[in-house]
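The model shown is predicted, which means the values in this text are computed figures rather than measured ones. By convention in this document, chain letters (A, B, ...) are assigned in the order of the sequence lines, proteins followed by strands, and residues within each chain are numbered from 1.
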2 protein chains.
Amino acid sequence: MRKVDPEKHAARRQVIVDAAIACFARKGFHGTSTAEICAEAGMSPGNLFHYFPTKHAIITAIVEEERQETAEFFRELHESPDLFAALLGFMDVVLGLAADPVYSSLALEIAAEAMRDEHIGELVAANDAELRAALSALIKAASGRGQIDAAIDPEAGARWIAAIIDGIFGRIAVDPGFKPDQERPMMHLLLTRFLCPKP
Amino acid sequence: MRKVDPEKHAARRQVIVDAAIACFARKGFHGTSTAEICAEAGMSPGNLFHYFPTKHAIITAIVEEERQETAEFFRELHESPDLFAALLGFMDVVLGLAADPVYSSLALEIAAEAMRDEHIGELVAANDAELRAALSALIKAASGRGQIDAAIDPEAGARWIAAIIDGIFGRIAVDPGFKPDQERPMMHLLLTRFLCPKP
DNA sequence: TATTTATTCGAGTAGTCAATCTAATAATTT
DNA sequence: AAATTATTAGATTGACTACTCGAATAAATA
């Protein structure tokens with residue numbers, strides 16, 4: 001008999017996911033047909049539905065991919081000697097991602113879909129909880145070293161930093177004058193004033 | 001002959017717009033069919049398309065309605081003696097709107113659609129420019145009275161306040177622990193530290 | 001009252017949708 | 001080589017789409 005090669009299988013799925021990301025960023029989840037994804041991936045619908053049972057499952061896979069990427073990023077972050085600089089560095093990365101229109105479109109699309117589809121909503125909420133937990137841990141540690149004002153509750157602070165992240169993607173959508181690479185100083189000012197201990 | 005009564009005509013359009021808002025908030029622009037809007041509005045498709053030439057035109061009308069509402073709100077704001085308090089007050093209103101899931105869903109949906117549809121994108125960008133101009137004027141005036149740090153460029157400051165507004169709606173979508181009415185103090189702290197002059 | 005025209009209805013149109021089915025091919029194991 | 005099964009294609013399905021059409025009704029003017 002023949003067995004499924006997990007690596008090839010995963011690689012083929014990735015082709016579909018990447019094609020879907022490109023399409024979804026352009027036209028949204030409900031604006032793109034499975035036929036379009038097939039064309040972008042260079043395969044037949046029969047084949048596409050061999051790897052994913054439904055269109056919805058493709059969306060799910062994209063959200064899961066997002067989760068792994070952010071988790072991986074935070075894994076490296078905690079050993080930094082200057083934790084506040086690490087936080088600013090992370091936010092710089094976010095600003096960099098926002099400069100990519102594909103990433104931004106997708107982020108907004110996922111947020112909008114989270115409000116409509118219960119299942120996607122749960123996945124996205126879990127992702128967000130993970131992000132906030134990492135931010136919160138970072139703030140707590142920095143607070144212990146006197147780098148962040150102890151008056152800021154780590155969880156509440158993380159919540160508003162997450163809001164600022166969301167806001168950055170929102171700017172991309174509606175404000176053509178918002179150029180991520182030029183906004184770094186103002187973002188640093190905002191974060192520093194919000195978080196740093198008063199002299 | 002008989003002439004079209006503009007008031008009745010407008011009222012009838014409003015029925016459709018309201019129905020569409022309810023549907024769009026639930027399932028998104030591309031997730032709701034015109035038949036669903038008809039059902040929600042209690043009318044036939046023939047009738048609905050008598051008032052709007054396309055589904056797209058209904059979306060346009062919603063964005064326009066949004067514009068008028070924010071413009072109206074700012075018209076009252078400028079005579080306040082305490083301009084910084086006026087700004088905080090406006091942000092409290094935003095937080096109140098965010099507590100309404102219909103309004104939040106729609107805000108996210110519109111932002112996502114702005115990235116896909118060029119026409120909607122332009123309308124939304126114009127709305128946003130108007131909002132930022134109002135915020136910027138407020139900051140400038142408050143800066144003149146010494147209520148806001150003169151080091152903050154009004155336009156840049158307005159841009160990041162707009163980002164925080166976007167972020168609030170983002171939180172609603174992905175963070176079930178974000179309760180608008182409990183987040184007021186932290187939002188005030190964030191804005192105060194960001195904007196107020198150092199002692 | 002007669003005429004004009006705005007408003008309303010709902011069946012109908014051409015086309016698109018996600019997903020399925022059948023069948024052929026390719027790769028792996030025995 | 002034979003058997004098994006993963007992979008692929010592409011035509012097909014029936015439900016659904018935005019929107020139109022022709023006809024009927026209702027209201028307002030002359």
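- Scanning atom types as modelled, one donor and one acceptor separated by under 3.5 angstrom connect the side chain of R2(B) and the base of dA6(C).
- Shown here for A98(A) and P180(A), the closest heavy-atom pair between the two residues is C-CG, 4.3 Å.
- With a 4.5 Å cut-off on side-chain heavy atoms, H188(A) and D92(A) count as touching.
- Distances shorter than 4.0 Å separate some side-chain N or O of R12(A) from OP1 or OP2 on dT8(D).
- Put simply, K55(A) has a side-chain N or O that comes within less than 4.0 Å of OP1 or OP2 on dA18(C).
- Rounded to a whole Å, the CD1 atom of I59(A) is 10 Å from the P atom of dA18(C).
- We find that D82(A) and R145(A) are not joined by a salt bridge, their nearest charged nitrogen and carboxylate oxygen being 4.0 Å or further apart.
- Taking the six-membered ring for Trp, H56(A) and F29(A) have ring centres at least 6.0 Å apart.
- Contact annotation: H56(B) side-chain N/O to dA18(D) OP1/OP2 distance is not under 4.0 Å.
- Nearest-nucleotide mapping onto DNA chain D: of T54(B) and K8(B), the residue sitting toward the 5' end is T54(B).
- Under a hydrophobic-cluster definition in which Ile, Leu, Val, Met, Phe, Trp and Tyr are linked whenever side-chain heavy atoms come within less than 4.5 Å, directly or via other members, I165(A) and V174(B) are assigned to different clusters.
- Sorted by residue number, the members of residues 27-53 of chain B with any non-hydrogen atom under 4.0 Å from DNA chain C read M43(B), S44(B), P45(B), G46(B), N47(B), H50(B), Y51(B).
- The aromatic rings of H50(A) and H9(A) stand perpendicular to each other, their planes meeting at an angle above 60°, with 30° marking the opposite boundary.
- Whole-Å rounding puts the R13(A) CZ to dT8(D) C1' distance at 17 Å.
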